[in-house]
Amino acid sequence: MARVRLFIRGGVDLATVLGMGQTFLWRPGRGGFFGTIQGRAVFLRQVDTETLEASASLPPEELSALVSRYFDAERDLEEVRRLLSEDPHCRRAVERFSGLRVLRQPFWECLAGFLLSSANNVRRIHRIVRKLAERYGEVQPVEGELQAVFPPPERLVDIPLEALYDCGTGFRARGLREAARRVASGEWDGDVLARLSEEEARARLMSGYGIGEKIADCVLLYALGFLEVFPLDVWMRRVLKELYFPDGRLPRRAERARWVRRRFPGVGGYAQLYLYHAARHGVLLDRAKLV
DNA sequence: CTCCAGGGGGACG
DNA sequence: CGTCCCCATGGA
């Protein structure tokens, strides 16, 4: 069992980043968080704003590299925050919430999580993911506890849909299993997709059942490193309508993607992350009025 | 009971 | 192109 400390450039708010809805693989416990990275049981703890401590059954150098990549630890957030602050609404969100980061998650675990996100809520996505891990994932010891990791794609390929339903997946089971097949067979490979153009990678993901533009964009952003991608979900539709087009009418669906790309050049993913989090916490929108 | 949750597919006009 | 309904499920 190795335990390492990592420096996260620009800082990180661990509890927020792990719980806000860009990953669904973490549960709080023992003053930190237990979860899965790349099929490994990992324990994470916040030491100070720029320091994390990580434990796992791995050589220290491998653990360090795994977690460092996960948190995109070398990214210069000051530059990102500076660019975001040019937009008044993003600026408010940045001032209110420091320590948000776009994670760089393992491809399969990210894809599975967002396949389960459709017409769902964050708490229940967590519950479904945990159920799948408990039922089909390997149990690994970490930090004095036994942690069930999220199952690799090969493990889900032959599970009957009814068994997945029983974990609470609902109608998302078909898409999840089909995606597991493509990843297990090598048809979809995160390293390969990450090297394609944004458009080509998105198109390939959208060829999968249950993966439309929004879910594809979340995977491009949170797993494949396309930081300019701005996922358009229900919250962003509210934000655009209330904040950016308060009088006029919302641009047509196809128009919105181009609009956000031009509005937040190069940092669309961070812009979306901050707007999403702020809106959900009633900082930019009157949440009571909308929900 | 209805409505909604970080959607998407299919059938319509 | 847009709009409608359906897809499971649990909480408000």
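Every heavy atom of this structure was used, including side-chain atoms; hydrogens, water molecules and symmetry mates were not. Residue numbering restarts at 1 for every chain, and letters A, B, ... go by the order of the sequence lines. Treat the numbers as computed from the prediction; the structure is a model and nothing was measured.
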Under the salt bridge (Lys or Arg N to Asp or Glu O under 4.0 Å) test against A/R261, which residue among A/E198, A/E199, A/E228 passes?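 One option only clears the test, and that one is A/E198.
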A/R30, A/R3, A/R45 screened by salt bridge (Lys or Arg N to Asp or Glu O under 4.0 Å) with A/E143, the one that passes: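 The single option meeting the salt bridge (Lys or Arg N to Asp or Glu O under 4.0 Å) with A/E143 is A/R3.
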Rounded to whole angstroms, how far apart are [atom1] on [X] and [atom2] on [N]?
{"X": "A/E213", "N": "B/dG6", "atom1": "CD", "atom2": "C1'", "result": "14 Å"}
{"X": "A/M236", "N": "B/dA5", "atom1": "CE", "atom2": "C1'", "result": "15 Å"}
{"X": "A/I215", "N": "B/dG8", "atom1": "CD1", "atom2": "P", "result": "4 Å"}
{"X": "A/R252", "N": "C/dG2", "atom1": "CZ", "atom2": "P", "result": "6 Å"}
{"X": "A/N120", "N": "C/dG11", "atom1": "CG", "atom2": "P", "result": "12 Å"}
{"X": "A/N121", "N": "B/dC3", "atom1": "CG", "atom2": "C1'", "result": "13 Å"}
{"X": "A/D166", "N": "C/dT9", "atom1": "CG", "atom2": "P", "result": "9 Å"}
{"X": "A/I128", "N": "C/dA8", "atom1": "CD1", "atom2": "P", "result": "13 Å"}

Is there a side-chain polar atom (N or O) of A/Y276 under 4.0 Å from OP1 or OP2 of B/dG6?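 Checking B/dG6 against A/Y276, no side-chain N or O comes under 4.0 Å of OP1 or OP2.
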Is there a side-chain contact between A/R280 and the phosphate of B/dG6, meaning an N or O under 4.0 Å from OP1 or OP2?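 Looking at the OP1 and OP2 atoms of B/dG6, one of them is under 4.0 Å from a side-chain N or O of A/R280.
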Would you measure the distance from the [atom1] atom in [N] across to the matching atom in [M] and give it in whole Å?
{"N": "B/dC4", "M": "C/dC7", "atom1": "C1'", "result": "15 Å"}
{"N": "C/dC1", "M": "B/dG6", "atom1": "C1'", "result": "25 Å"}
{"N": "B/dC1", "M": "C/dG11", "atom1": "C1'", "result": "14 Å"}
{"N": "B/dA5", "M": "C/dG2", "atom1": "C1'", "result": "23 Å"}

Do the rings of A/F264 and A/F230 sit parallel, tilted or perpendicular, given the 30° and 60° boundaries?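 Ring orientation of A/F264 relative to A/F230: parallel.
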Whether A/Y222 and A/F114 hold their rings parallel, tilted or perpendicular, with breakpoints at 30° and 60°: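 Geometry flag for A/F114 against A/Y222: parallel rings.
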Contacts of type salt bridge (Lys or Arg N to Asp or Glu O under 4.0 Å), residue A/D72, not counting sequence neighbours: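 Partners of A/D72 by the salt bridge (Lys or Arg N to Asp or Glu O under 4.0 Å) criterion, ordered by chain and then number, come out as A/R75.
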Listed nucleotide nearest any side-chain atom of [X], set [options]:
{"X": "A/Y209", "options": "B/dG8, B/dG9, B/dG6", "answer": "B/dG9"}
{"X": "A/R127", "options": "C/dT9, C/dG11, B/dG6", "answer": "C/dG11"}
{"X": "A/V122", "options": "B/dG9, B/dG6, C/dC7", "answer": "B/dG6"}
{"X": "A/R123", "options": "C/dG11, C/dT9, B/dG8", "answer": "C/dG11"}
{"X": "A/K214", "options": "B/dG8, B/dA5, C/dC7", "answer": "B/dG8"}

For DNA chain B, whose closest nucleotide is more 5', that of A/R124 or that of A/M206?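 This one resolves to A/R124.
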Start at the 5' end of DNA chain B and walk down; is the nucleotide closest to A/S117 or to A/R174 reached first?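 Going by which nucleotide is closer to the 5' end, it is A/S117.
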Please give the stem ranges for DNA chain B, sorted by first residue number, where a stem is three or more consecutive Watson-Crick or G-U pairs and both donor-acceptor distances are under 3.5 Å.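 Counting only runs of 3 or more consecutive pairs, the stems involving DNA chain B are B:2-5 with C:9-12, B:7-13 with C:1-7.
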Side chains of A/P231 and A/L221 in contact at under 4.5 Å (non-hydrogen atoms):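 Side-chain contact under 4.5 Å: yes.
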Side chain proximity check, A/M236 to A/V239, heavy atoms < 4.5 angstrom: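 Yes, side chains in contact.
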Select base, sugar-phosphate, or nothing to describe what [X] touches, counting heavy atoms under 4.0 Å on all strands.
{"X": "A/I211", "value": "sugar-phosphate"}
{"X": "A/G210", "value": "sugar-phosphate"}
{"X": "A/G208", "value": "sugar-phosphate"}
{"X": "A/Y222", "value": "base"}

Can you see whether A/R172 engages A/S117 through a side-chain donor-acceptor pair at a distance of less than 3.5 angstrom?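 Distance-only check fails for A/R172 and A/S117.
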Please determine whether the number of non-hydrogen atoms from other residues, nucleotides or ligands lying under 6.0 Å from atom NZ of A/K241 exceeds 12.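 Open.
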